[in-house]
Amino acid sequence: MGLLQQVSSPADLRDLTDDQLDTLASEIRDELVRTCAPRGGHLGPNLGVVELTLAIHRVFDSPRDRVVWDTGHQAYVHKMLTGRAGRFDTLRTEGGLSGYPSRSESDHDLVENSHASTSLSYADGLAKAFAIRGDDRHVVAVIGDGALTGGMAWEALNNIAVGKDRKLVMVVNDNGRSYQPTVGGLASHLATLRTNPRYEEMLDLVKKRLNKVKGVGPAVYDALHAMKKGMKDALAPQGMFEDLGLKYVGPIDGHDRTAVEQALVQARRFGGPVIVHVITHKGFGYNPAERNETDQFHQIGAFDVETGEARPAGRVWTDYFSEEMVALGRERQDIVGVTAAMLYPVGLDRFAAAYPDRTFDVGIAEQHAVTSAAGLAMGGMHPVVAIYATFLNRAFDQVLMDVALHRCGVTFVLDRSGVTGTDGASHNGMWDLSILQVVPGLRIAAPRDGARVRELLREAVAVGDAPTVVRLPKGAPPDDIPATDRAGGCDVLLRRGAKDVLVVAVGSMAAVGVDVGDRLAAQGIGVTVVDPRWVKPVDPALVGLARDHRLVVTIEDNGVVGGVGATLLQVLSTEGVTTPFSLHGIPQEFLQHAERQAILDRIGLNAQTIARGVVERLAAEGHEPLTITERATSD
């Protein structure tokens, strides 16, 4: 039995020798690679935090001391060390371990965060609560992997600095190589000195005494203070933190566990807010990840353990957007790409390679990305902002008040829309069609296949006086679904028999809609299946179609509250159309992680379930299926 299998809680780490801890670190890395290889995951960041996580759990007493991970995808090692190593084979599978911290899994998991830059705000609130209650507990916030680029983190730092007596340790996991680690005896001595409370007392005493010396005293103090600050800034990049009034320790080599532990012990003893700056390397200890120039296997699909080579995968929705963006960039000099630390996942990397001067990755700062895009539009450009659908939630106010209010021509491409599956509740892009419905003037397109991605993207960027949205699901699109006819701006995908059922299938649900239509037709029920293409605003042709049919069925992979179906129902009511209505979408709940199709089946967003429901409803309302003769006549 290896050491990892013997670790059931962080307390087990404190009796291990240095040699045993080194062996354990090696076992953890082997387990990370082995477990992620079959199904992928956030491998690179976790390979980089092995020693850091060991140090945190040796110095602090979790769960009494609260550890908040930001972003949560770097918590795999934390899961292993808190009693879940034996279940690690189930990572990101239905019923298994989540790819993020999960309160239902362990008392050691406090915040189920996968949206970045939030840990410091959680930690600030926790530290305030402990102080009010008189609890002698520490809060540790591990922020890194780009999360410190988010504005929310700096808002939190500004407030944390005020609470001088709150026991809050902020570990900056710097894996972006912003700085080289400062090593050596002098740096260690300064780190110890800066976290000694007597250091502050001495500074205050020197300041008071010098300022009492008339004429030259204040000038001498200012000069000494400037010399001290200049020397410290030359040795370590701490100025921006200490200017906020925060103690700073580092930078520390994050793969030197002993050094990290020493720094954390110093920070814990200080008794107030402390920044511990740790330098780590994504992919550390696994050659293929370290050599990967793109992102050191930040988030990788299935791969071969020996070579690190990705297993063959087909084309995904994002590929069609990526290729069309390059073509648009060639045709139009005003097209620019904007993303928030998602250059490769959203497919803007090809555009960036072709047009680097017209590509802007703003870091994990979605709000800034949107308002900056508004400025670009005001300056005569047409920005295409490509981010995950779930992350646009964070910038809704900017979409509403900074873009739409000013009628800016900005196109938002929302990747990973709808049910995304294995990344869990926070990543399902099931909110955008509801949230964005309230934005005046904004238009939303939902492609049903790869051909429509290209087509609708071109239509979107042709709009210069309002924001547009193109939403893309996760995974592979179906084969192109041709239209048989056009009704207004809608594509008619199927028309069989009488005008009994109108199926309005949104975006990626178009293939399901066609399948529903085929099943209904097989039961002798007349059906028309349409793809609206643009789902906001509601196409007037849908009103006429709804009036002519006996039942309207909408299918969308968005929450049922306020989505396309709910909006269409509202419009029909306003227009006096009383045709019965059946709305199919995602229930308003946080979906647990599983494969996309498994989730769709569970919530009833599949052709079999929807078609059966339609048949049962029609039967309950007295609709009799057409006879063979009637069917032939209607055809």
Side-chain angles (χ1 to χ4, degrees), residues 10 13 45-63 65-78 81-82 101 108-111 113 116-124 126-127 137-150 152-154 156-157 160-161 166-179 181-182 191 194-195 236-238 240-242 244 246-282 284 364:
L13 302 174
N46 286 283
L47 288 168
V49 297
V50 175
E51 289 79 13
L52 172 58
T53 309
L54 285 167
I56 288 171
H57 280 302
R58 278 171 54 83
V59 172
F60 295 95
D61 182 21
S62 176
D65 293 329
R66 304 306 311 198
V67 182
V68 182
W69 293 88
D70 186 344
T71 57
H73 65 232
Q74 58 183 336
Y76 290 8
V77 184
H78 161 80
L81 299 178
T82 52
H108 295 276
D109 292 3
L110 180 66
V111 175
N113 64 327
S117 311
T118 60
S119 65
L120 299 184
S121 295
Y122 282 117
D124 176 54
L126 279 165
R137 303 165 71 180
H138 281 83
V139 182
V140 182
V142 186
I143 183 166
D145 211 13
L148 205 58
T149 60
M152 189 173 171
W154 291 94
L157 284 170
I160 288 168
R166 296 180 192 136
K167 296 179 178 180
L168 173 52
V169 177
M170 295 156 282
V171 179
V172 176
N173 173 28
D174 181 359
N175 58 15
R177 302 302 295 170
S178 299
Y179 306 110
T182 303
R194 286 195 298 272
T195 53
Q238 62 195 14
M240 59 182 174
F241 297 117
E242 294 203 339
L244 287 170
L246 294 166
K247 276 296 159 194
Y248 172 93
V249 179
I252 310 295
D253 179 355
H255 302 297
D256 183 339
R257 180 192 46 77
T258 301
V260 177
E261 284 188 25
Q262 290 173 349
L264 292 176
V265 168
Q266 292 166 17
R268 186 187 63 190
R269 287 175 180 166
F270 181 63
V274 181
I275 294 275
V276 179
H277 183 181
V278 176
I279 304 291
T280 65
H281 301 270
K282 276 188 186 180
F284 187 81
I364 302 177

Check: [X] side chain, [Y] main-chain N or O, donor-acceptor pair, under 3.5 Å:
X: His277; Y: Asp174; value: no
X: Asp65; Y: Phe60; value: no
X: His73; Y: Pro45; value: no

Between [X] and [Y], what is the shortest heavy-atom contact and its length?
X: Val278; Y: Gly254; answer: CG1-CA, 3.1 Å
X: Ile252; Y: Val249; answer: CD1-CG1, 4.5 Å
X: Leu246; Y: Ala161; answer: CD2-CA, 3.6 Å
X: Pro251; Y: Ile279; answer: CB-CG1, 3.8 Å
X: Leu120; Y: Ile160; answer: O-CD1, 3.6 Å
X: Ala75; Y: Trp69; answer: CB-CG, 4.0 Å

Gln74 pairs by side chain to side chain donor-acceptor pair (under 3.5 Å) with which of Asn173, Thr280, Asn46?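 It is Asn173; the other options fail the test.
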Determine the sole option in His108, His138, His78 for which the side chain to side chain donor-acceptor pair (under 3.5 Å) test with Ser62 is passed.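 Among the candidates, only His108 passes.
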If the condition is salt bridge (charged side-chain N to carboxylate O under 4.0 Å, His left out), which residues does Arg137 pass it with, not counting sequence neighbours?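 In terms of salt bridge (charged side-chain N to carboxylate O under 4.0 Å, His left out), with neighbours along the sequence ignored, Arg137 is linked to Asp135.
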Find the distance between [atom1] ([X]) and [atom2] ([Y]) and round it off to the nearest 0.5 Å.
X: Leu168; Y: Ile275; atom1: CG; atom2: CD1; answer: 8.0 Å
X: Ile364; Y: Asp70; atom1: CD1; atom2: CG; answer: 7.5 Å
X: Arg66; Y: Asp109; atom1: CZ; atom2: CG; answer: 8.5 Å
X: His57; Y: Leu81; atom1: NE2; atom2: CG; answer: 6.0 Å
X: Leu54; Y: Thr258; atom1: CG; atom2: OG1; answer: 11.0 Å

Considering residues at least two apart in sequence or located in another chain, which fulfil the side-chain contact (heavy atoms from CB on, under 4.5 Å) criterion with Ala55?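 Applying side-chain contact (heavy atoms from CB on, under 4.5 Å) to Ala55 gives Arg257, Val260, Glu261, Leu264.
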Which residues pass the side chain to side chain donor-acceptor pair (under 3.5 Å) test with Asp124, not counting sequence neighbours?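 Once residues adjacent in sequence are excluded, the partners of Asp124 under the side chain to side chain donor-acceptor pair (under 3.5 Å) criterion are Lys128.
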Flag the pair Leu126 / Val68 as yes when at least one side-chain heavy-atom distance between them is below 4.5 Å, and no otherwise.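 Touching, per the 4.5 Å side-chain cut-off.
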Can you list the steps and then say if Asp256 with Glu51 is a side chain to side chain contact (heavy atoms under 4.5 Å, CB included)? CA-CA 7 Å; Asp256 183 339; Glu51 289 79 13; over 6 Å; no
